[in-house]
Amino acid sequence: MDDRSVVSRVVEILAAASSRAVASLADLTLLTGLPKPTVRRIAEQLVESGALTRTPWGYQVGTRLQRLGRPHASPEALAPVHDALTALHAQLGGIAWFTAHADRVDEQPELVVTDPAMRLQALREWPAPTSLSTIALTAIGQCVLSRRPELAERVARTRAGRGLRARLHASADRGAFVDDEAHTPGRRCVAVPLVHGGVLGVTVPADRSPLDALVRATLAAAARVDAAGPRDGVPLSDPHP
């Protein structure tokens, strides 16, 4: 097999994966017409390189490729976010974070404000979409599901998604998504979608602050960022389709 045929197969699989939100192995095989073992092998290699992401439902275009064509907010545009995270961390401690992606779980946060000794831990513990429980129980996972109703319905019909509809309704009422020790015992997390894109949140030890106070503080921080608006005409994240 020469290099050109290898490249051609890689391109076909990437094109198939990008044609839908999530593509199963069967989808990729059908769309490319390649043998299933070949598709599986190449898809897993693309996952390792970051070009694809594996989820409980199949494959989707990875963050490494998505960044290539994405307009990025400038440091000036992110300044209000950093200021809000700094104030939130000073008030609550723990880990204050911002991710530009309100419809994906696999992106690590662009901004993290925490104690220097906890920064690496914060990035290592960022939830990866490797299980349904991660998506259904984490605050950022619920935020993603609220923007992808077809995915939310699939998760809600599983054991891991028990009570998911009620949690999403409660989150819509309060304006914030909450993980009250559901995913990680001893940790509370609140995530708030921003008007101009992205999600702002905080993760703290469960005994650090009552949940209601945690929600109020995070909503207030998000409101300050929303009030500042986009500074350079580029939203903080891609608009959801």
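Excluded from the calculations below are hydrogen atoms, water molecules and symmetry mates; all remaining heavy atoms, backbone and side chain alike, are included. We're numbering straight along the sequence, starting at 1.
Taken from CD in Glu44 to CG in Leu52, the straight-line distance is 9.0 Å, to the nearest 0.5 Å. Between atom CZ of residue Arg165 and atom CG of residue Leu168 there is a gap of 9.5 Å, rounded to the nearest 0.5 Å. With rounding to the nearest 0.5 angstrom, the CD1 atom of Ile13 is 10.0 Å from the OG atom of Ser8. The structure places CG of Leu88 at 14.0 Å from CZ of Phe98, a figure rounded to the nearest 0.5 Å. Atoms CD1 and CG, from Ile42 and Leu28 in turn, are 10.5 Å apart once rounded to the nearest 0.5 Å. The distance from atom OH of Tyr59 to atom CG of Leu46, rounded to the nearest 0.5 Å, is 9.5 Å.
By the rule that hydrophobic residues join a cluster once side-chain heavy atoms approach within less than 4.5 Å of another member, Leu30 and Val39 end up as members of separate clusters. Under a hydrophobic clustering in which Ile, Leu, Val, Met, Phe, Trp and Tyr are joined whenever their side-chain heavy atoms come within less than 4.5 Å, directly or via other members, Leu137 and Val190 fall into different clusters. Note: the hydrophobic cluster containing Leu14 does not contain Leu31 (ILVMFWY, side chain heavy atoms under 4.5 Å, direct or indirect links). At a threshold of 4.5 Å between side-chain heavy atoms, the hydrophobic network of Ile, Leu, Val, Met, Phe, Trp and Tyr places Leu111 and Val192 in one connected group.
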*For Arg157 and Arg154, what are the C-alpha separation, side-chain angles and deciding distance, and is it a side-chain contact (heavy atoms from CB on, under 4.5 Å)?*
CA-CA 6 Å; Arg157 291 194 292 268; Arg154 291 172 66 181; 3.8 Å; yes

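Residues Ala136 and Ala160 come closest through the heavy atom pair CB-O, 3.5 Å. For the pair Thr203 and Trp97, the tightest heavy-atom approach, listed with the atom from each and the gap, is OG1-NE1, 3.3 Å. For the pair Gly93 and Val204, the tightest heavy-atom approach, listed with the atom from each and the gap, is O-CG1, 3.8 Å. Closest of all the heavy-atom pairs between Ala84 and Arg224 is O-NH2, 4.2 Å. Listed here is the closest heavy atom pair of Gly175 and Pro193: O-CD, 4.3 Å.
A donor-acceptor pair under 3.5 Å is formed between the side chain of Arg188 and the backbone N or O of Ala206. Put simply, the side chain of His89 gets close to the backbone of Gly94: a donor and an acceptor are under 3.5 Å apart. Put simply, the side chain of Asp226 gets close to the backbone of Val195: a donor and an acceptor are under 3.5 Å apart.
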For residues 207-223, dump all side-chain donor-acceptor pairs below 3.5 Å to protein atoms at least two apart in sequence or in another chain.
residue : atom : partner : partner atom : Å
Arg208  : NH1  : Leu92   : O            : 3.1
Thr218  : OG1  : Leu214  : O            : 2.8

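When the side-chain contact (heavy atoms from CB on, under 4.5 Å) test is applied to Arg159, the partners found at least two apart in sequence or on another chain are Arg162. For Ala26, the side-chain contact (heavy atoms from CB on, under 4.5 Å) test picks out Ser24, with sequence neighbours left out.
Under the 4.5 Å side-chain criterion, counting only non-hydrogen atoms from C-beta, Arg187 is not in contact with Asp179. Arg9 has its side chain out of reach of Thr32: every pair of non-hydrogen atoms, C-beta onward, lies at least 4.5 Å apart.
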